[in-house]
Amino acid sequence: MTQAHAQQRLDPVEMLGERFAAAIADAFAGKLEGGAVDPLITPSKNPQHGDYQSNAAMPLAKTLGMPPREVAKAIVEKLDLGDLATPMDESSIAGPGFINVRLKPETLAELVGELDRPGLGVKAEEQQTIVVDVCGVNLAKQMHVGHLRSTVIGDAMCRTLEKLGHTVIRQNHVGDWGLPIAMVVAKLQSEAKAGRIDLGKVTLDDLDRLYKVAKQESSADTKGLKAVERFQLGPKAQAELEAQVAGANEALEHAKQTLVKLQSGDAEIVALWQKLYDVTMGACLETCKRLQANITAKDSAGESSFRDQLGEIVQILLDKKLAEEDGGALVVRNEGLEPTLVRKSDGGYLYATTDLAAVRKRVKQLGADRVIYCVDARQALHFKQVFATAKKAGFAHKIGANEDSTLEHAPFGMVLGEDGRPFKTRSGENVKLSDLIDEAEQRAAVISTEKNPDLAGDERQKIAHTVAVAALKYADLSSDRIKDYVFDWDRMLAFEGNTGPYLLYTYVRIRSIFRKAEEQGIVAGYESAALAINEPEEKQLALVLLRYPATVASVARTLEPHRMCGYLYELAGTFSRFFEHCPVLKAETDVSRLSRLRLCDLTARVLADGLDCLGIQTLERM
RNA sequence: GCCCCGGUAGCUCAACUGGAUAGAGCAGCGGACUUCUAAUCCGCAGGUUGCAGGUUCGAGUCCUGCCCGGGGUGCCA
């Protein structure tokens with residue numbers, strides 16, 4: 001038996017699918033046009049209906065013009081499930097034509113045994129090179145909850161894709177270029193010259209503050225001025241606003257000049273920019289590390305790295321007659337979309353231009369078959385425009401490929417506070433990601449002290465960190481990413497419900513069994529013990545375990561990590577019920593004890609592997 | 001104005017992309033601990049899936065039109 005064949009036998013859905021497909025082809029030979037019929041096998045929701053079911057009869061009834069139960073009957077008559085399942089007959093058909101299957105206990109044991117391998121049954125897919133846009137920090141800005149989502153969700157996608165054998169390249173598209181950055185550079189320069197800031201000691205907090213000041217200073221209150229003029233609010237108000245507007249225009253002009261210097265490689269300005277870059281990225285990568293997100297310096301690919309290609313990109317668009325002039329600017333028009341601005345009337349480029357260059361690099365240089373953007377949902381229109389334009393311009397065509405690489409936006413919603421408005425501090429500032437992690441750790445330490453006072457201080461700190469990060473990340477991953485989600489400390493750190501801590505706790509309980517088993521000297525030999533799936537709780541556990549490989553695949557397909565969370569939560573719950581009803585160490589027979597130990601071990605490994613897909617680490621104790 | 005995304009139990013969320021009686025957790029009520037870590041488990045109660053039509057053997061899921069909320073919308077990124 002080949003490895004591939006051994007793997008193929010693993011998933012009951014596929015195994016049953018093959019048998020059902022054969023039965024359908026046999027039963028309706030000559031009556032069905034065009035290829036194989038999907039046997040529509042799915043695990044049964046309700047154990048009363050069996051373990052698996054085929055829903056194929058109903059849609060077939062339509063094309064065949066027969067009553068669905070007749071179709072089901074004809075399928076069952078031709079069905080050869082061999083020794084996989086208990087015998088099938090008319091009583092296997094229910095409702096409008098569901099065909100219910102119950103696996104034999106021995107078959108179930110064999111399948112679980114096959115799952116119990118190093119890869120846990122996860123099948124390597126046809127290998128692709130996949131570029132994932134993650135994190136997306138901006139220079140001189142603290143990371144906030146928006147970056148948390150891109151980082152955590154993006155990293156989870158990457159890990160899941162890697163688990164399936166793909167080559168994943170993370171790209172942190174750092175916002176490190178353009179007028180806003182030049183504004184901060186200009187401000188940093190003037191502050192340093194005035195002796196108000198020490199360039200050797202500058203922190204991200206300093207830069208964040210300068211950013212806000214600079215932005216404030218260079219945004220002219222022309223609306224205010226117009227209002228004052230229109231409503232004649234007095235010479236004093238008018239003079240103040242005129243001064244503000246004049247000052248802002250001056251600051252803006254200065255920033256533009258700084259940008260020109262930066263672009264032309266002025267040594268002093270470039271050094272200041274480099275300072276900005278180093279300070280920001282140092283803090284960003286440190287935060288990624290604390291979050292156990294696998295994003296490092298080598299993944300950084302800032303907007304600045306495309307600065308010399310923007311003219312060329314636009315030239316290609318012109319050569320291909322895709323870009324046209326409109327009001328002095330250059331736009332690309334795509335069917336059903338707003339025009340995409342790729343060059344301003346003053347000759348400057350826009351973020352669409354940079355993103356087009358990035359698509360080209362990712363596909364042609366990095367060799368991406370699939371490019372995924374884990375970015376805020378508000379960018380949806382922007383990405384539609386970029387993708388459409390990139391495809392027309394040939395930027396999405398991988399060298400030697402037959403078709404364009406897929407470009408996908410995996411959007412996520414906002415993080416809201418308990419009041420339902422964007423998550424901010426009381427004073428209306430964005431919450432710093434590093435502060436968020438600090439607070440999560442403090443809260444986790446308090447809870448840990450309450451629940452398990454015997455732990456040593458340093459172990460508690462370690463546990464608090466792991467639990468805090470798990471709670472924070474899991475909260476972000478466990479609901480459908482497209483929706484906004486409500487940030488709630490108590491809920492994410494709760495040990496009941498669909499939370500990180502609950503899953504960690506389940507894992508810890510299993511590990512505890514093995515410590516105890518070792519103390520009692522009864523741990524040997526469970527790895528290869530015969531599995532005895534007899535009790536209903538054992539059976540349910542086995543059935544849930546078998547769904548793991550398909551779950552990994554579905555997360556990779558849909559880019560929805562919350563499916564993994566839902567699965568792991570169900571696994572943990574099913575295990576807890578098993579654990580409640582089926583004594584392990586005190587099992588009645590040696591055979592049963594070893595079998596259950598093996599189930600425990602397998603469950604722990606699936607939990608750990610699934611959490612690893614999400615970028616969450618496990619613990620031995622908590 | 002146009003486009004995109006949401007609307008499911010009092011609250012926070014699921015529902016394997018059209019399948020059987022819409023499921024969890026919290027909050028409420030009632031049970032099970034000299035434990036394999038009770039940070040758990042069992043039970044009760046809680047629903048016109050925003051509204052109205054339509055397609056289908058079957059709709060929370062698909063199509064149309066409304067209502068509510070959020071977001072986006074050529075010279076910021």
Side-chain angles (χ1 to χ4, degrees), chain A residues 13 40 42-46 48-49 53 55 58-59 61-62 67-69 94-98 100 136 138 175 177-181 219 303 326-333 336-346 348 350-352 354-355 376-382 384 411 413-414 416 418 420-422 447-448 450-452 478-480 482-486 488 490-491 494-499 501-502 504-506 508-517 520 547 550-551 554 558 562-563 565-567 569-570 573 576-577 579-586 596 600 621-622:
Chain A
V13 171
L40 297 173
T42 166
S44 299
K45 272 184 198 158
N46 187 339
Q48 285 174 354
H49 296 136
Q53 66 190 64
N55 299 333
M58 286 81 78
K62 179 127 185 146
R69 286 189 70 106
F98 301 109
N100 293 322
N138 300 296
W177 206 243
L179 194 58
I181 305 301
S219 58
E303 293 174 346
D326 189 336
L330 277 181
V331 298
V332 177
R333 298 185 192 281
L337 293 174
E338 306 287 318
T340 312
L341 206 55
V342 294
R343 195 177 70 194
K344 296 190 281 184
S345 49
D346 68 1
L350 296 108
Y351 75 140
T354 310
D355 270 324
D376 193 336
R378 285 175 294 191
Q379 307 283 337
L381 173 60
H382 166 68
K384 272 187 188 168
M414 287 186 298
L416 306 178
E418 284 170 70
R421 298 192 311 182
I447 295 167
S448 167
E450 253 172 49
K451 307 275 188 188
N452 197 346
S478 57
S479 62
D480 195 347
I482 191 66
K483 297 183 181 175
D484 295 344
Y485 92 90
V486 178
D488 182 331
D490 293 330
R491 195 163 44 244
F495 292 80
E496 53 275 317
N498 191 6
T499 68
Y502 172 71
L504 290 183
Y505 174 65
T506 305
V508 162
R509 284 169 93 196
I510 301 176
R511 297 306 305 148
S512 176
I513 298 167
F514 283 90
R515 274 197 302 277
K516 196 137 282 186
Q520 297 175 15
R547 281 166 35 204
T551 302
S554 93
T558 60
H562 81 285
R563 290 165 182 264
C565 298
Y567 170 79
Y569 179 52
E570 194 179 337
S576 291
R577 281 184 283 280
F579 195 52
E580 196 77 18
H581 291 100
C582 303
V584 177
L585 298 179
K586 290 175 191 157
R596 287 175 182 174
C600 287
R621 235 194 297 267
M622 62 192 276

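All chains are named by letter (A, B, ...) in the order of the sequence lines, taking the proteins before the strands, and each is independently numbered beginning at 1. Everything numeric in this text was worked out from a predicted model, so none of it was measured.
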query = Hey, mind stepping through A:Y567 and A:R563 against side chain to side chain contact (heavy atoms under 4.5 Å, CB included) and telling me if it holds?
reply = CA-CA 6 Å; A:Y567 170 79; A:R563 290 165 182 264; over 6 Å; no
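Under 4.0 angstrom from either OP1 or OP2 of B:U56 there lies no side-chain N or O belonging to A:K62. Of the side-chain N and O atoms in A:K384, none sit less than 4.0 angstrom from OP1 or OP2 of B:C4. Dashed line: the shortest gap from a side-chain N or O of A:H49 to OP1 or OP2 of B:U21 is not under 4.0 Å.
Distance from the side chain of A:V486 is smallest to B:U12 among B:A39, B:C57, B:U12. If you check B:A39, B:G74, B:C36 against the side chain of A:P339, the one that comes closest is B:G74. The side chain of A:M414 lies closest to B:G71, out of B:A39, B:G71, B:G74. With B:C16, B:A77, B:U12 as the choices, the nucleotide that has an atom nearest any side-chain atom of A:R563 turns out to be B:C16. In the set B:A15, B:U73, B:C42, the nucleotide with an atom closest to the side chain of A:E338 is B:U73. Residue A:K344 places its side chain closer to B:C76 than to any other of B:A39, B:A24, B:C76. Ranking B:A77, B:U40, B:G7 by closeness to the A:K483 side chain, first place goes to B:G7. When distances run from any side-chain atom of A:L341 to the nucleotides B:C57, B:A77, B:C75, the shortest one goes to B:C75.
B:U12 atom P lies 15 Å from atom OH of A:Y485, rounded to whole Å. Remark: P of B:U12 and CG of A:D490 are 15 Å apart, rounded to the nearest angstrom. Look at CD1 on A:I482: it is 12 Å from C1' on B:G70, rounded to the nearest Å.
Residues A:R509 and A:S576 come closest through the heavy atom pair NH1-OG, 3.5 Å. Here the closest non-hydrogen pair linking A:S479 and A:Y485 is OG-CB, 3.9 Å. Here the closest heavy-atom approach between residue A:Q53 and residue A:N100 is recorded as CB-OD1, 3.6 Å.
Across B:C68 and B:G10, the matching P atoms stand 22 Å from one another, rounded to whole Å. Rounded to the nearest Å, the gap between the C1' atom of B:G25 and that of B:U40 is 14 Å.
In this structure, the aromatic ring of A:Y502 is not positioned over the six-membered ring of the base of B:A39 within 5.5 Å between centres and 30° between planes.
No donor-acceptor contact under 3.5 Å links the side chain of A:S576 to the base of B:C41.
Nearest-nucleotide mapping onto RNA chain B: of A:T42 and A:Q53, the residue sitting toward the 5' end is A:T42.
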